Amino acid sequence: MKAVLRTRIYEEEQRSQFEFPAGKTETKSDCGNYKFSFKLVKSQGKSTYAPVLEWIAERRPPAGLELLTLEWELPSHGIKEGRIFRHGYQSWSLSASENLEDADISPKLGFLQFSQENIYSEHSGEEGDWISEAYVILLPKNEDSKFFAGAVSKGEEGVKFKILTSPSSKKNSDNFFSGDIRVVYDFYRFEDFKGNKLPLTQIRVSKFTGDEAIFIKNYFAELAKNLKVKLPETQVPTGWCSWYHYYTKISEKIILQNLKELRSKNLGLKVFQIDDGYQAEIGDWLETNDRFPGGMGLLAEAIRSEKLLPGIWLAPFLVRKKSKFFQKFPEAVLKDRDGNPVPALWNPNWGVDYTYSLDVTHPASKEFLATVFKTIVKEYGYKYLKLDFLYSALLPGWTYDRSVSPHTRYVDAIKFIRKVVGKDIFILGCGAPMLPSIGLFDAMRISCDVAPFWYREKSRILVKDRNGLCTERALINDITRASMHRTLWLNDPDCLLVRKKKNSMTEAQTKIMASIMSVSGGMLFVSDDLSLVNEDRLELLQKSLALQSKCRGKTPLPVGLGSEFFPSALYNPSGYLGIWNPSDEKKEISLSLFFPWDKKNSIDYWTGKKPDSLEIDSRKKILKIEMEPWSTVVLYSGKQS
């Protein structure tokens, strides 16, 4: 086993190498300054590593010592052909199964890379050279054991895995290493080694048989236990959101009209959430624009009068140059080493220039956040908060407190917000790094934005934007991350769009969307102008909400997690199995029933009939069904609970 520590003292980068003698669990670096060791616990085919990095030189660590990364070789996965389940970094990052021989290509445009993926990860784009964030699953082409590596604790550093499969990828990689998988710790922090020791995130490596969906559900459950996750006692929310019909073009009048429309539809929704478009400027959250003359407190009162929970969107760490905060406290905006503001986002909805981030360690930023959240929650009365673009708190920069890592400053900022608003306020995270967020939120967005179209736009395909907002990519994540629901938090699969107008999705595509979101059991919000929703689409919405209410209490299992880019099915232990064919070709779908299923579970929820082509072999545990292009069924027993 080998490892490489990258450090920097002011502008000079250094590299320290470690080589473990056979059978040993500690070794010194070639420079003599560091010791790297680990405790290894083996149990039931699982190997758990607890690593520690130490400063052992007689002199104190030099002033200005910045730890960058530690890359550590793990035991070989030994898989030459097959598939990889690559997990994405944050809410919007694609998490899907792909061929091992393919290339791991991140977006070509810089602003897409840092706003959708991990800015600290560099993807080579070479075939067989992969990066997977937090955990990875490798699935061999034959029937051999599957391979898993993942974080089982949460430290002060980022954790990702570098996987090499092809000869070319190994040739182009660091010549010091000889293996095919490494864990990479992202520090990017100044370190004086108080107490000399720096414990690192624990890593689990194992080979397993059986379906990967059950394995990964158990992994999430263990991770939740290790990190002391407490799920909210509240029911999984349903609601209305303004974003996907109006985007930033909302007004007080539009909000009140939709509130009135929602009352007349009597859908039983619980939350009414106002999204982007009310604020005077990004960063000026307590000042409304001219379209909201009554202010946000008035709207919260109107929402409460309808016996709905008032919800509001904000991007707490973002500011634009025109905002009052930026103008008054430029020193509290995240800067690079040359003193220039660090770009956090380019969003044409807000203007042609960049949007920037707070330095969340700065006292002025903390005071600002405290004022914003106290006002919104305690004065206005919003009890449901959607916090967006949260990755911005982790961006690299020359911070006020340089002793903490980007991941620590992010975690501290979210904990600070929670302390201000109180434990009873429902907080939804969005655009958030997944591993650091565990245990911090009531709910988490698990996908990119949906859209009123199915596939990625041509411009996004051209720039290799694999995370590009569209319904297809959102639904892939909704399936592949489905088992995070009720283990790590409540899942938010994003909003359901059922309207016909201003929507290029077909009715069949809309029904697939409704099936996946409902069977997942996660939050279900509609984002249409309900006055434009006709009777048949309103019926689809009502049935979707009824199905979600039956599925929301259980943790679902994706079917085909490791074998398909867009998994064919999702099983919910409440007794529902959604199956779909999102393609232009007729397919016979064969599912391995690795979960309890009976022949009596053969009625389609949407039609009330048994599909003609359905075959269930309980003895062989195989389900077969012929699916027409763009069709979906949700099987159950036919009995209403």
Side-chain angles (χ1 to χ4, degrees), residues 88-93 111-112 114-117 119 237 239-244 246-250 271-286 296 310-320 323 325 334 343-351 354-358 360 365 368-369 372-373 376-377 382-395 410-411 413-414 416-418 420-421 425-434 436-437 440-451 467 469 474 477 489-495 522-523 525 527:
Y89 173 65
Q90 57 123 304
S91 300
W92 308 323
S93 308
F111 77 88
L112 289 175
F114 67 69
S115 66
Q116 296 180 346
E117 301 197 355
I119 193 171
W240 182 88
C241 168
S242 62
W243 179 247
Y244 289 104
Y246 302 100
Y247 297 95
T248 58
K249 307 298 183 184
I250 55 173
V271 180
F272 189 94
Q273 187 233 307
I274 302 170
D275 215 282
D276 185 8
Y278 64 89
Q279 69 282 350
E281 182 59 88
I282 297 299
D284 293 336
W285 307 110
L286 302 182
M296 302 311 289
I312 195 166
W313 168 96
L314 67 158
F317 306 140
L318 293 185
V319 289
R320 288 180 61 75
S323 69
F325 181 86
L334 187 65
L345 178 69
W346 182 74
N347 186 344
N349 287 317
W350 299 340
Y354 280 113
T355 301
Y356 301 97
S357 176
L358 302 179
V360 294
S365 293
F368 165 76
L369 290 170
V372 167
F373 281 100
I376 287 175
V377 170
Y382 287 91
K383 305 298 183 184
Y384 174 103
L385 304 176
K386 177 182 176 182
L387 308 185
D388 208 350
F389 300 97
L390 297 180
Y391 67 85
S392 57
L394 291 96
L395 293 175
Y410 166 75
V411 170
I414 300 299
F416 178 77
I417 291 171
R418 172 59 79 184
V420 170
V421 303
I425 300 300
F426 191 94
I427 302 182
L428 164 67
C430 188
M434 303 301 278
S437 295
L440 301 180
F441 295 93
D442 297 298
M444 176 62 65
R445 258 285 288 283
I446 56 169
S447 72
C448 68
D449 283 14
V450 299
N467 318 295
L469 62 95
N477 271 32
W489 40 56
L490 305 182
N491 275 1
D492 171 23
D494 206 13
C495 296
M523 294 165 51
F525 275 53
S527 193

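What you see is a predicted model, and the numbers here were worked out from it, not measured in a lab. Heads up: numbering here begins at 1 and tracks the sequence.
In this structure, S323 contributes its side chain and D284 its backbone to no donor-acceptor pair below 3.5 Å. When atom types are taken as modelled, the side chain of D442 and the backbone of L428 share no donor-acceptor pair closer than 3.5 angstrom. A donor-acceptor pair under 3.5 Å links the side-chain atoms of R418 to the main chain of I425, judged by distance alone. Within the 3.5 Å criterion, the main-chain N or O of G431 finds a donor-acceptor partner in the side chain of S91. The main-chain N or O of P493 is never found under 3.5 Å from a side-chain atom of N491 such that the two would form a donor-acceptor pair.
Residues passing the side chain to side chain contact (heavy atoms under 4.5 Å, CB included) test with E117 are S93, S106, P107, Q113, H123, R466, N467, sequence neighbours excluded. For V420, the side chain to side chain contact (heavy atoms under 4.5 Å, CB included) test picks out A370, F373, K374, F416, with sequence neighbours left out. Applying the side chain to side chain contact (heavy atoms under 4.5 Å, CB included) criterion to A393, with sequence neighbours excluded, gives F317, V360, Y410.
Ring-plane geometry between F272 and W240 is classed as parallel, the angle between the planes falling under 30 degrees on a 0 to 90 degree scale with a further cut at 60.
The closest side-chain donor-acceptor pair between D275 and Y246, if any, does not fall under 3.5 angstrom.
Using a 4.5 Å heavy-atom cutoff, the side chains of L345 and Y391 are in contact.
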Working for side-chain contact (heavy atoms from CB on, under 4.5 Å), residues Y356 and S392: CA-CA 8 Å; Y356 301 97; S392 57; over 6 Å; no
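Between Y382 and Y278, a ring centre-to-centre spacing not shorter than 6.0 Å is recorded. Between W313 and F525, the ring centre distance reaches or exceeds 6.0 Å.
The pair K386-D276 does not meet the salt-bridge criterion, since no charged nitrogen lies less than 4.0 angstrom from a carboxylate oxygen.
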